[in-house]
Amino acid sequence: MDVERIYREESGRILATLIRLLGSFDLAEEVMQEAFAIAIEQWPKQGPPDNPRAWLVSTAHHKAVDLLRRRTRFDSKRDELQRLAEVEQHFSEAEESMLRQDEVGDDRLRLIFTCCHPALSLEAQVALTLRTLCGLSTEEIAHAFLVPLATMAQRLVRAKQKIRDAGIPYQVPARPDLKERLEAVMLVVYLVFNEGYSASSGDAVIRRELCAEAIRLARLICEMLPAESDARALLALMLLHDSRKVARVDGDGDAVLLEDQNRSLWNQNEIREGLTLLDSALRGGAAGAYALQAAIAAHHARASRPQDTDWKQIAALYEALLRVQPSPVVELNHAAAVAMAEGPGAGLRLLDALERKAELCDY
Amino acid sequence: MQYLLLIYGNDEAFGKMSKAEQEGILQEYMEFSKSIAQSGHYRGANELAPVTTATTVRVRDKKRLVTDGPFAETKEQLGGYYLVDAKDLDEAIGLAARLPNARWGSIEIRPIVPHDMP
């Protein structure tokens, strides 16, 4: 059993469960590292346990209780004693619930909502999500966002302090707030994806990782909140973009325009899944920016040759997108789609209008 | 946990409102207080006199320096506060969002640091 592989695949879930049981990000991280260290030591000799995750959670939990007992002996502050009592009480419940898959999924979902709480800055939300849910190291995150390591470390420390001191809860928000809070979560997920997808600098391996992690998080959200059609639209959008990842850069690492891409390189599995998800999202009533962008990407994905692209539909979708999310980039894309659908004249007229508006804004 | 909800607003704008409007807002505050007292969140509250009555004192080199007004000039002034019990930040945000001033001013939510009194 490969401890490193388990770390990659399971550390996010293990950490989520430990944070719930221990009520502290730092303590959870500390004891999880210790449990993995013991695993590296023991498993090769004694063979891996039947359920590695359960073993790791329970070992980490024992460590936490030991640690808190030792600390309270020296420092008998009331809140430390109280925490110890709580952790010990959680102990038997934990042993029971650990094996139940649904509880574990719930833990990760709770953690997403904690990490993407609007009381944290957006930068901190992104960093904390990558650190705790995706298991990226502080160094990797600093690298991905081109920020000095010390700055990123500081950002994470502050975010964890705020969660603790301001009482940011570890829970999935109640119904009336869920929609609003889910939007914040989706924004973070999409930011992570875009950072991996569109950054022209930075480590290529880490960037691929960011895309994969964003897709994994979106899958988890869709699985846990199946009624949220906008989340399905977001997952569809990311899959449809990700399907072109091999075709969109050439051998020298330069970007290849959509019409010049070798479409046989597009990942058909991702396209199929993306199209199915989009279909179900639209039937579920998704009509926001993610759904519209996914629908645009779907038209490109369906065209096996550039000349088969349904530009009329794409132009109409951009027009709808302009109403939901007006921006100069969307206006440009809209003009380009109109030019493809109705001829260059129509597109140029839109560009002229756009230019005049820009000049007006300058004054 | 305990949180202090600091109510910010524009004194001048409030002064320009009609008597009826001002009374309506006061009424809303009364009802809010009653409601959160019943739900067990209320710990205390006060309205503050306008910022024109404020005085600032500093002691430097054992000398007292008393000046008129608050330290910084800002558009929004602290107009009052609620001290509430809430189980977490989400609950505190829920309470703060019900305050009338949240609709035109802003509410700052600050956790209280617990200290053991001797």
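Values below: all heavy atoms of this structure, side chains included; hydrogens, waters and symmetry mates excluded. Chain naming here is simple, since letters A, B, ... match the order of the sequence lines and numbering starts at 1 in each.
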Open item on the list: Can you tell me which portion of B:I93 sits under 4.5 Å from chain A's heavy atoms? Options are side chain, backbone, both or neither.
Closed with: side chain

TODO: Give the intermediate values and the outcome of side chain to side chain contact (heavy atoms under 4.5 Å, CB included) for residues B:M1 and A:D165.
DONE: CA-CA 10 Å; B:M1 284 180 73; A:D165 296 341; over 6 Å; no

Open item on the list: For a quick test of reading the model, state the closest non-hydrogen atom pair linking B:P111 to A:A166 and the distance between them.
Closed with: CG-CA, 3.5 Å

Open item on the list: Atom CZ of residue position A:R181 - does it have more than 12 heavy atoms of other residues, nucleotides or ligands inside 6.0 Å?
Closed with: yes

Open item on the list: Does B:R110 have more than 12 heavy atoms from other residues, nucleotides or ligands lying within 6.0 Å of its CZ?
Closed with: no

- [ ] Please look at A:A119 and chain B and tell me whether the side chain, the backbone, both or neither of the residue comes under 4.5 angstrom of a heavy atom of that chain.
- [x] side chain

- [ ] Find the distance between NE2 (A:H117) and CG (B:L89) and round it off to the nearest 0.5 Å.
- [x] 5.0 Å

Open item on the list: If I take atom OH from residue A:Y170 and atom CG from residue B:D90, how far apart are they, to the nearest 0.5 angstrom?
Closed with: 14.5 Å

